[in-house]
Structure formats: structure tokens, C-alpha cells
Amino acid sequence: MSLNKTILGSTAIISISALATRSLGLITAPIMTRLLGPAPYGTVALLGTLVNLGATLALFGRELGYSRFGLQGDAGARRHVETHLWRSVLFSAAVLSIAFSLIWIFLKQTDDTNDQTLSIYIALGIIFSSALAMASVRRRLAGQYFRIAATSVIASILGICVSIGWALAISRDAWALAAGLLTTSVVNFVLLGAPNPLHLIKPSGLDRQRRMEVLSLGLSSVVTAPIYWVIMSADRWILNSYAGETEVGVYAFAAQFGLLGALINNGLMATWLTETNRTFEVHGTAALPSIGTNCTRLMTGLLVVWMAISAGGGDALRLLAPPPFHRGTILIPWIGAGVLLYGISSLFVASLFIRGRMRFMAIAWIVGGMAGITSYIVLAPRFGALGVAIGQAIAFALIALVTWIASLRVLAIPLPYLRLAMGFAAALVCVCALSPQWFVDPMQSLVAKAPVGTLAAALVVTLISPKPLSFVFTRLVRRPRSIRRDE
């Protein structure tokens with residue numbers, strides 16, 4: 001299968017499944033938001049930051065080493081690498097789960113609520129999130145993208161059922177959301193599977209030099225992953241210090257719409273680095289034009305997704321959630337912009353990954369992280385949730401810029417920069433016009449925006465990469481006419 005079909009096909013499979021699972025969550029939002037209110041969403045958002053940080057530190061960039069070295073050598077050598085990485089990740093996750101649970105208990109020791117019991121969620125969440133990340137890489141190396149997608153949908157359905165059932169039958173607090181999230185992680189991991197436990201109890205047999213090679217590739221993540229946590233999670237803690245958990249809950253709920261583009265990013269990252277590296281190892285620099293073509297198409301897709309989210313996200317939020325959540329509509333285009341810029345930076349990372357020069361990515365993330373924290377501290381007191389959303393977009397913009405500059409030095413991917421500039425300019429104008437509500441009734445606003453948004457997306461695609469639309473035109477217009485002439 002060609003690189004084009006592999007990347008686009010696999011990304012589509014992962015993204016569609018992620019969109020399906022997120023859609024299920026949004027469909028149930030009218031039930032959960034009315035049962036719980038904003039505060040539990042704020043609590044779970046803070047919990048999620050600790051789980052994400054714990055899992056990030058447990059992985060320690062080892063998933064990158066798994067993606068790269070899990071393809072090299074014979075079956076025995078690959079198994080040695082796999083065993084070493086799984087053992088070290090699971091041990092780290094177990095230790096960190098205890099540490100972060102104690103941190104939560106300390107933070108909530110003065111509360112009269114049952115929030116301290118949520119330390120159980122933190123402990124199990126860190127362990128299963130880390131294990132799930134490794135299991136996903138294992139299936140990607142085997143090319144089993146459909147299995148990853150199917151298990152994600154099944155796990156999400158079960159998690160949503162648990163959340164609703166908990167809220168209706170047990171308690172209407174943060175545990176209702178936490179129980180569903182934990183169920184999703186556990187079921188996902190069980191369905192994806194892990195290596196043979198008998199292999200994991202024994203030493204890996206990997207020599208010291210090979211261990212250092214595997215670890216060195218992921219060392220950049222030692223910097224980038226915590227900074228990613230800072231950018232994506234510290235905003236909630238800073239906002240909480242100024243405005244409280246209710247405002248964080250509004251922000252976190254709005255982020256569910258703004259982060260829809262992250263579904264494409266996740267699908268992209270599940271295939272992009274693995275497949276471009278695999279192709280470059282076989283074809284060398286002759287693969288660069290094909291990589292550039294796919295990079296342009298994926299960038300165009302990310303841009304169109306941002307336009308769609310910005311245009312319809314606010315109306316969808318007003319349609320699905322009660323009025324206390326409606327002030328989050330203004331945040332969605334800014335959060336979506338951050339996701340877009342993160343996705344673009346991920347595309348440029350391919351050059352650094354192929355050449356093994358990931359330290360440049362670490363530099364980019366240090367610059368972006370410092371800008372993000374500074375923006376949060378400066379903007380949050382004055383603008384609240386909007387300030388941290390803008391700060392997040394600024395951070396990812398700098399990360400994308402520095403990563404792009406570094407990729408040009410390491411391994412330049414050929415891209416149509418003039419067309420990209422025109423497409424981005426057109427998209428920005430369209431977002432400014434489409435993001436405000438057009439009518440008081442959100443459904444009426446969505447219906448009115450749909451045809452205009454479709455034409456705007458077609459314009460952006462034509463400016464950047466006209467071939468897909470010309471292909472569709474040929475198939476739908478020219479070909480039927482030629483058939484009619486033959487008849």
C-alpha cells in the first residue's frame with residue numbers, strides 16, 4: 001500500500017472512531033450537564049491534569065522509542081525492546097500513581113466533600129493511561145488501526161453508560177464522570193491487549209548500549225511532555241485560583257468542542273511518524289515529495305476542521321447545554337486554533353524524528369511553554385477563561401514556528417508555501433465571519449451557516465490543494481456527461 005493510502009486511510013479510521021466516541025459524549029451532554037452542573041466538570045478537569053501528568057512522567061518518552069525501535073531487527077530483538085519498555089513503564093506508573101494520589105489527598109484535606117476518595121481514580125487512571133498508550137503503540141506497529149478504532153468506540157460506549165448510571169443511581173458528583181472515564185481506559189486496554197505476562201516478569205535481555213539508544217530517542221519527551229501538560233493543564237489550575245471550579249467547569253466543557261480537532265491530531269499522530277519513518281527507511285530522500293504531498297493534504301484537513309469547529313461549536317454548545325455553560329462559546333475558536341497549531345507542529349516533527357534530531361523539538365516546546373505560562377499569568381486575571389484560551393493558542397503558535405524552522409534545517413519537506421499562506425488567510429476571514437451566533441435559536445444558526453461554511457471550506461481546499469476537488473468534479477460532472485454522450 002502506498003504512503004498516501006496508508007497515512008490517509010489509517011488517520012481516517014482513527015479519526016472517525018474518535019469523532020464517533022466524542023459525538024456520543026456530546027449527545028449525552030444534555031443529560032449529564034443538567035444532572036451535575038458545572039462544578040463536577042471543573043473537579044474532573046483538575047483530576048485529569050494530574051492523571052495526564054502522572055502518565056506522561058511514567059511513559060518518559062518511551063512510547064517514541066517503542067515506535068522507532070519496535071520496527072527494527074528480528075523478532076527476538078523486537079521482543080527484547082518491547083519487554084524492557086513495558087516493564088519500565090508499568091513500574092514507573094505504579095510508583096507515580098501512589099505519589100499523585102497522596103498529592104490530591106493533601107490538596108483536598110480541608111474539604112468536607114468526598115473529593116479525597118477521588119485519589120483512587122487518580123491512581124488507577126495513571127496506571128491504565130500509561131498501559132493504554134503502550135498498547136496503542138503495539139497495535140500501530142502491527143498495522144492494526146481498525147482494532148484500535150473499534151476498541152475505542154466500544155470502550156467509550158461502556159464508559160458513557162457507567163457515567164449516566166452512576167449519576168442516576170449512586171451520586172451526582174464528580175465520581176459520575178470519573179467512573180465513566182476510568183471504565184473507558186480499562187476496557188480499552190483490555191481489548192487492545194498487552195504482551196505475554198510471562199515475558200514481562202522476566203528481565204528483557206536488552207544490553208545497556210541498546211537501552212540507552214532506545215531511551216535517548218524519547219529524551220526529548222522528558223521536556224516536551226511535561227510542557228505539554230503545563231500548556232494543556234496549568235491553565236485550569238491558574239483559572240481555578242482566580243475564578244473557582246465553576247468557571248473551570250465552563251472552560252472544560254467548552255474545551256470539549258474546541259478540542260474536537262484533537263481527534264484528527266490523535267489519528268494523525270497514530271500514523272504519521274510511524275509510516276513516514278517506515279517509508280523514508282526504504283526509499284530515502286526520494287520519498288520526500290510524497291511526504292510533502294501528504295503533509296499538505298493533512299494540513300488542509302486540519303485547517304478545514306478548525307473552520308468547522310469555530311463555525312458550529314458555539315451553536316452546538318448552546319443547543320446541548322443549559323445557560324450556565326453558554327458563556328463558554330467565545331472560547332471555542334481560540335481553543336480550536338491551539339489544536340490546529342499543535343497539529344501543524346506535529347507534522348513538522350517528522351523531519352526531526354526521521355533524522356533523530358528530536359532535541360530541536362524540545363527547544364520549541366521550552367519556548368512555547370514559557371510563552372504559555374506567561375500568557376496565562378498575564379491574561380487570566382483580566383480576561384478569565386478567554387485569557388487562558390488565547391494564551392494556549394499563543395503557546396502552540398510559537399511551538400509550530402520553532403519546529404518548522406528546525407525542520408527546514410534538518411530535513412526540509414517540500415511544501416507549497418504560497419498556497420498555504422493564501423488558504424490560511426482565507427480560513428481566518430471565514431472563522432471571524434462564521435464563529436459568532438447568527439440567530440438566537442442555535443439550530444437556526446447552524447442551518448444558516450452550513451451552506452456558507454461548506455463553500456468557505458471548498459474555497460480553502462481549492463487555494464491550497466486543488467487536486468482533490470478537481471478529482472471530485474471529474475468523477476461527478478465530466479464522467480457522467482461522457483457516459484451520456486456514449487449512450
Quick one: does S119's side chain have a donor or acceptor within less than 3.5 Å of a partner on I105's backbone? no

Report yes or no: does Q444 contribute a side-chain atom to a donor-acceptor pair with the main-chain N or O of F439 at less than 3.5 Å? no

Give a yes or no answer on whether the side chain of R355 reaches the backbone of S351 with a donor-acceptor pair at less than 3.5 Å. no

Does any non-hydrogen side-chain atom of L53 lie less than 4.5 Å from one of F100? yes

Mind checking the CG-OG spacing from L434 to S310? Nearest 0.5 Å is all I need. 9.0 Å

Among pairs that include at least one residue of residues 323-347, which meet salt bridge (Lys or Arg N to Asp or Glu O under 4.0 Å), considering only residues two or more places apart or in two chains? E247-R327

Answer yes or no: is there a donor N or O on one side and an acceptor on the other, between the side chain of T403 and the main chain of A400, under 3.5 Å? no

Has the side chain of T151 got a donor or acceptor atom that lies under 3.5 Å from a matching backbone atom of I148? yes

Could you check whether any side-chain N or O of R139 sits under 3.5 Å from a backbone N or O of L192, counting only pairs where one atom can act as donor and the other as acceptor? yes

Donor-acceptor under 3.5 Å (H326 side chain, A321 main chain): yes

Can you give me every donor-acceptor pair (side chain of residues 366-386, partner residue at least two apart or in another chain, under 3.5 Å) with its distance?
from, atom 1, to, atom 2, distance (Å)
T374, OG1, M370, O, 2.8
S375, OG, A371, O, 2.7
Y376, OH, I231, O, 2.4

Any donor and acceptor pair, going by atom type alone, linking the side chain of R318 with main-chain N or O of F325 inside 3.5 Å? no

Tightest non-hydrogen contact, residues F128 and S185, listed as CB-CB, 4.2 Å

Test side chain to side chain contact (heavy atoms under 4.5 Å, CB included) on L36 and D173 and set out the steps. CA-CA 6 Å; L36 303 180; D173 55 16; 5.9 Å; no

Donor-acceptor pair, distance only, cut-off 3.5 Å: does the side chain of S241 make one with the backbone of I238? yes

Report the residue from I335, T329, L320, L331 that forms a side-chain contact (heavy atoms from CB on, under 4.5 Å) with F257. L320

Where the side chain of W306 meets the backbone of P333, is there a donor-acceptor pair that is under 3.5 Å apart? yes

Rounded to the nearest 0.5 Å, how far does OG of S407 lie from CD1 of I413? 6.5 Å

Separation between CD1 (I344) and CG (L401), nearest 0.5 Å, reads 11.5 Å

Between the CG atom in L352 and the CD1 atom in I363, the distance rounded to the nearest 0.5 Å is 10.0 Å

